[in-house]
Amino acid sequence: MIWDNKVAADSFPKLKTLCVVDCNKLVSVVRSFILRWLLSLERLDARRCNSLEVVFELQPLNHLDGHPIALPFEELMISRLPKLKCIWDKELHCQIKFQCLRSISVSRCDSLTYLFPASVARDLIRLEELEIDECGIAKIIKNEEGLVPRFVFPMLTSLKLKYLRELKCLYVGTHTSQWPALKTLNMRGCDKVEILVSHSVNEMPLDKPPFFLIEKGGFPSLQELELDLSEWMEIWHGHFHHGEFFCKLSLLKLHHLSQESLISTCHFVESLTNLKELVVCESYLEDPSSNEEAIEGTNVSHCDGLSKMFTPTIAENLVALTKLKISNCRMLTEVINDEKGNLNITIQNMFEEMVSFAGVKKMLLFEFPKLIGKWHNELNPIKSYWQLESLVVDKCPSFVNDIPSKLMHVLENLSFLQVRDCELLEEIFDLEGLGAMESTRVLPRLQELNLANLQKLRQLWNKDLQESPHFNSLGYLILYNCSNLGHAFTPLMARCLANIEQMEIKECGQMERVIVEEEGQGSIVEKITFPKLKWMKLKCLPNLTCLLLRKNHTLECPKLESLSIAHCPKMRSLIGQSQMENDHNNPSLFTPHVNLLSKCIFGISLGTYSRSIGQCTV
C-alpha cells in the first residue's frame with residue numbers, strides 16, 4: 001500500500017501529481033480514507049503495475065461522514081495494468097465529485113471490462129479528451145438500475161477508441177447520449193461494433209445494438225471522423241435526416257470498406273453536405289463510384305481490388321475536387337474508366353499528372369516508366385500539383401537533357417537533384433526556352449546537385465544566364481565519372497554559383513580545366529569569386545592542368561578552409577600560364593592571381609609526387 005488509514009489530518013495539502021510506476025505488488029492506488037486529504041491532486045499516472053486491480057478504491061465511504069468531496073483532479077493516465085478490473089469500484093452518488101477531469105487516457109489494460117460507473121460518466125462535465133487503446137473493454141459505461149439514463153459530455157472535443165476487440169456499445173440497454181462539442185471521432189480495430197450511430201426513435205435490432213444512440217442534433221460540432229469499418233460496420237442505421245446529425249463533418253476517413261457495406265456507406269457519404277475530404281484505404285473495392293460533387297479532396301490507398309476510380313460521368317461532376325491522391329492500389333489500371341472512348345485526352349493527362357505528383361515530395365524517376373516517355377514532350381506541367389523536394393533521375397537511356405525548360409517553373413521546391421547512369425545525357429538543364437525574367441528564378445531552392453556516371457555529359461546548362469540571381473541556394477556540387485566533360489563552368493556560369501560551399505570533382509577523365517573562358521573574351525580582365533566556398537576536392541583528374549587558364553584572370557575564395565588535390569599529374573598551378581611563361585618559369589601552384597584570405601588546410605598529391613602543406617594563411 002502507499003498509505004494506511006492512520007494518515008494524519010491535513011496530510012499532503014499541496015500534492016498535485018501522483019505517479020505510480022513498476023509497483024508490482026500494489027493492488028490499489030487511492031483509497032477512500034485518503035480522499036479528503038488529496039484536495040490539491042490534479043494528475044494521476046499509473047503504469048506497469050502487474051497486480052493493480054483498482055485505481056480508486058471507494059469501498060467503504062463511511063470515512064466521508066456524509067460530506068461530499070470535490071476533487072480538483074484534471075488528468076488521468078493509465079497504461080499496462082494487466083489485472084486492472086475497474087478504475088472506480090463503486091457508484092459515487094454525489095459523495096465524490098470528479099467534475100474537473102479534462103483528460104483521460106487508458107491503454108493496454110486487458111482485464112478492464114468497462115470504463116465508468118454511470119454516476120461518474122454523468123459527472124464529467126469538463127472532460128475534453130478521452131482515449132482508450134488496446135483494452136478488454138466491452139462497454140464504456142457500466143449499467144445501472146432505474147430510469148433510462150441520458151449521458152451528456154458537454155465539453156468533450158476528442159474521442160479515440162482503438163483496438164478494443166471486445167467493445168460493442170457505449171452502454172448496454174436503452175439510453176440516449178449527446179456530444180455537443182465533439183470535433184474528432186476516431187474508431188479503429190473495434191471489430192464487434194456493427195452499427196455506429198442510430199437515432200433514439202429508430203427501431204433497434206436486438207442483436208445489433210448501435211454504439212451511439214443519440215437524440216436529434218447529437219453531433220452538431222463533429223468535423224473529422226475516422227472509422228475502421230471491419231468490412232461490415234453500418235455507419236448509420238435507420239432513416240437519415242439530412243443535415244441534422246453530421247452538419248459540420250468535413251473529413252471522412254474509412255478503413256476496410258468492403259463491397260458488402262459499400263451501398264449503405266455511399267448513402268451516408270451522399271448526405272454529408274459539408275464534406276471536403278474523403279479518404280478510403282486498406283479496402284477491397286471494385287468500383288467506389290458515388291456522387292462527390294461537394295468533395296474538395298479524395299485519398300484512396302491500399303485498395304487492392306480497385307481497378308477503376310471514376311466513370312467519365314462522375315468525373316464531370318467533380319466540380320469542386322481540388323486534390324486526388326491514390327496510392328498502393330495494385331489492381332488500379334484507370335483513374336477514369338473511358339468505356340465510350342471519347343474522353344478528352346487533355347483531361348486524362350491532367351488526371352495522370354495529378355495522380356503522379358499530387359503531394360509527392362521525393363521521386364525516383366525510373367519508377368515511373370510512363371512518365372519518362374512524356375518527360376520532354378507530352379507533359380504539360382500544372383504548378384499546383386508539383387511539390388517535389390528531392391528528384392533522382394536514374395537509368396533514363398533516352399534522355400539527352402535532364403530538366404527541360406518547361407519544368408523549371410514547377411520545380412520551385414526542389415532542393416536535391418541527382419542524375420546518374422543516363423548513357424546519352426549531354427546536358428543537365430535546358431534553358432533555351434526561358435525568358436529573361438524566368439531565367440532569374442531558376443530552381444531557387446536547389447541546395448545539392450549530384451552528377452555521376454554520365455559518360456556523354458558536355459555541359460551543365462546550355463545558355464549563359466546574364467541576369468542574377470540564379471541557382472542562388474546551391475551549396476553542394478558533386479561531379480563524378482563524367483568522362484566527356486572538358487570543363488565544369490564558364491566564368492559567367494561561376495558567377496551564378498555565389499553561394500556554393502562545397503565542390504567535389506572526381507574521375508572526369510577529359511577535364512582539363514574547371515573554368516573555361518568564353519570565346520572572344522580573352523582580353524577582358526576577369527575576377528572570379530566564390531565568396532562562400534569552404535571546401536574543394538579535386539581527385540583522379542588525369543588531364544587537369546589548372547582551375548582556369550590565362551594570366552589576366554584572378555580567383556578569389558575568401559572563406560576557403562580546405563583544398564584537396566589528389567592524383568592530378570598534369571596540374572602545376574591553380575591559374576594556368578601561357579606556354580612561353582611555363583618555359584621560362586618553374587611552375588607554382590599559388591600565383592599572385594590566387595587570393596585565399598582565410599586560414600586553409602591543404603592536401604596536395606599531383607601524381608608523380610606528393611606534398612602536404614599543413615596549415616597556413618595565404
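Quick caveat: nothing in here was measured; it's all calculated off a predicted structure.
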**Request:** Report the C-alpha separation of F366 and V392 in whole Å, then their side-chain angles, then the decisive distance to 0.1 Å, and conclude whether the side-chain contact (heavy atoms from CB on, under 4.5 Å) test is met.
**Result:** CA-CA 8 Å; F366 75 88; V392 176; 5.9 Å; no

**Request:** Check the side chains of E215 and T176 for a donor-acceptor pair under 3.5 angstrom, ignoring hydrogens and angles.
**Result:**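 Yes - a donor-acceptor pair under 3.5 Å links their side chains.
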
**Asked** Do T184 and S158 get their side chains close enough for a donor-acceptor pair, meaning under 3.5 Å?
**Response**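 There is no such pair between these side chains.
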
Sidechain N-carboxylate O distance under 4.0 Å for [X], [Y]:
X	Y	value
R108	D110	no
K162	D133	no
K83	E53	no
K532	E501	no

**Asked** Where does the angle between the aromatic ring planes of W88 and F98 fall among parallel (under 30°), tilted (30 to 60°) and perpendicular (over 60°)?
**Response**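 Rings of W88 and F98: perpendicular, over 60°.
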
**Request:** Give me the ring orientation class for F153 and W179: parallel if the planes are under 30° apart, tilted from 30 to 60°, perpendicular past 60°.
**Result:**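 If you compare the ring of F153 with that of W179, the planes turn out parallel.
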
**Request:** Spell out, as yes or no, whether a donor-acceptor pair under 3.5 Å connects the side chain of S415 to the backbone of E389.
**Result:**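 Yes, S415 side chain to E389 backbone: donor-acceptor pair under 3.5 Å.
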
**Message:** Evaluate N186 against L159 for side-chain contact (heavy atoms from CB on, under 4.5 Å), listing each step before the verdict.
**Reply:** CA-CA 6 Å; N186 186 318; L159 175 60; over 6 Å; no

**Prompt:** Residues in salt bridge (Lys or Arg N to Asp or Glu O under 4.0 Å) with E42, at least two apart?
**Reply:**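 E42: no salt bridge (Lys or Arg N to Asp or Glu O under 4.0 Å) contacts found.
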
**Item:** Test salt bridge (Lys or Arg N to Asp or Glu O under 4.0 Å) applied to E166 - qualifying residues, sequence neighbours left out
**Value:**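 Salt bridge (Lys or Arg N to Asp or Glu O under 4.0 Å) list for E166, sorted by chain: K192.
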
**From V193, L257, T265, L254, residue fulfilling side-chain contact (heavy atoms from CB on, under 4.5 Å) relative to L227** =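 Going through the options one by one, the only one that passes is L254.
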
**Message:** With a 6.0 Å cut-off on the ring centroids, do F73 and F56 count as close?
**Reply:**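 Ring-ring flag for F73/F56: true, centres closer than 6.0 Å.
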
Identify every side-chain donor-acceptor pair in residues 12-26 under 3.5 Å, counting partners at least two apart or on other chains, and give the distances.
| unit_1 | atom_1 | unit_2 | atom_2 | d |
| --- | --- | --- | --- | --- |
| D22 | OD1 | R48 | NE | 2.9 |
| D22 | OD2 | R48 | NH2 | 3.0 |
| N24 | OD1 | N50 | N | 3.2 |
| N24 | OD1 | N50 | ND2 | 3.3 |

